[in-house]
Amino acid sequence: PNIVPLSKDHHFGLLHVWKIRQGLKKDIAPARIAQYVVFHWEHEQKAHFEEEEKYLFPYITNKLIDQALEEHHLLRNLIAQITTQPTAALLEEYATRLNDHIRYEERVLFPYMEENLSEEQLTEIGKNLSAECVPLYQAQGAGTKTAFSKSDFLSLDCKLHRGRHLRSPVSFIHHSR
């Protein structure tokens, strides 16, 4: 799959941005939205950044990678601020910057890497992403801790460790039918 798992993460990142904006639009308390943001960070986004930085970015050293790393640093700082003093303005800034970062990686950085890395390098990246051990976590409602390898989930087309089946304990978006 090469870097496809990272692109799939981006889909969920954009959904995360949408949920933050919906919460703000519905005047949900910033502290409540911040709980959701921190949950997403701890269960998905943090691991995604670490995987990019460990398995993808080392292959190329240029201004495109520098920009991605600067954006990761900025987003980490925003998370730290949101954790301690959430405001609607800070949450909107985070949502905007995360959205822009994902769009940058998908429209500029990833196509550049796919065009400039060899097939062998892309295959190695894909193997590294597939072999990454999933951290121990507490599955909501299960009451047990389990460790899985990414290959277990790839075979099921599922990314449990990235929050695909974890539900945030902070819910503020309700879909009507």
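Under the 3.5 Å distance criterion, the side-chain polar atoms of N2 are left unmatched by any main-chain donor or acceptor of V4. Checked by atom type and distance alone, the side chain of N62 pairs as donor or acceptor with a backbone atom of I65 at under 3.5 Å.
In this view, H11 satisfies the side chain to side chain donor-acceptor pair (under 3.5 Å) rule with no residue, not counting sequence neighbours. Partners of Q121 by side chain to side chain donor-acceptor pair (under 3.5 Å), not counting sequence neighbours, listed by chain and number: S118. With sequence neighbours excluded, the residues that form a ring pair (Phe, Tyr, Trp, His ring centres under 6.0 Å) with H40 are H16. Not counting sequence neighbours, E115 has no partner by the side chain to side chain donor-acceptor pair (under 3.5 Å) test. For E124, the side chain to side chain contact (heavy atoms under 4.5 Å, CB included) test picks out Y59, N128, with sequence neighbours left out. Remark: F49 pairs with W41, H72, H101 by the ring pair (Phe, Tyr, Trp, His ring centres under 6.0 Å) rule, at least two apart or across chains. Every residue two or more places apart in sequence or in another chain that forms a side chain to side chain contact (heavy atoms under 4.5 Å, CB included) with A88 is listed here: L24, P30. In this view, N77 and H73 satisfy the side chain to side chain donor-acceptor pair (under 3.5 Å) rule, not counting sequence neighbours.
Within the structure, ring-ring contact (aromatic ring centres under 6.0 Å, His included) pairs that include any residue of residues 111-130 do not occur (at least two apart or interchain). For residues 87-101, every residue pair satisfying the salt bridge (charged side-chain N to carboxylate O under 4.0 Å, His left out) rule, not counting sequence neighbours, is listed here: R21-E92, E93-R97. Pairs passing the side chain to side chain donor-acceptor pair (under 3.5 Å) check and including a residue from residues 80-90, sequence neighbours excluded, do not occur. Sorted by first and then second residue, the pairs that involve residues 67-85 and meet salt bridge (charged side-chain N to carboxylate O under 4.0 Å, His left out), not counting sequence neighbours, are E53-R76.
Closest approach of V17 to N99, counting heavy atoms only: CG2-N, 3.9 Å. Scanning all heavy atoms of the two residues, the minimum distance from G23 to I33 falls at C-CD1, 3.6 Å. For the residue pair I3 and L129, the shortest heavy atom distance occurs at CA-CD1, 4.3 Å. Nearest heavy-atom pair, P86 versus A31, reported as atom, atom and distance to 0.1 Å: CG-CA, 3.9 Å. When all heavy atoms are compared, the tightest approach of A95 to I20 is CB-CG2, 4.1 Å.
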For this session: Step by step, work out the side chain to side chain contact (heavy atoms under 4.5 Å, CB included) result for L109 and F57.
Result: CA-CA 10 Å; L109 183 60; F57 295 173; 3.7 Å; yes

Problem set entry | Step-by-step side-chain hydrogen bond (donor to acceptor under 3.5 Å, both in side chains) determination, H48 to E52 | CA-CA 6 Å; H48 173 83; E52 286 180 335; 2.9 Å; yes

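The CZ atom of F39 sits 13.0 Å away from atom CD of Q45, with the distance rounded to the nearest 0.5 Å. We find the CG-NZ distance between L75 and K46 to be 14.5 Å, quoted to the nearest 0.5 Å. For the atom pair R107 CZ and R103 CZ, the distance stands at 5.0 Å (nearest 0.5 Å).
Taking the side chain as every heavy atom from C-beta outward, Y104 and L64 approach each other to under 4.5 Å. Counting heavy atoms from C-beta on, the side chains of Y94 and L98 come closer than 4.5 Å.
Taken together through direct or relayed side-chain contacts under 4.5 Å among Ile, Leu, Val, Met, Phe, Trp and Tyr, L90 and V38 form parts of separate hydrophobic clusters.
Ring centers of F110 and H10: under 6.0 Å apart, within the cut-off.
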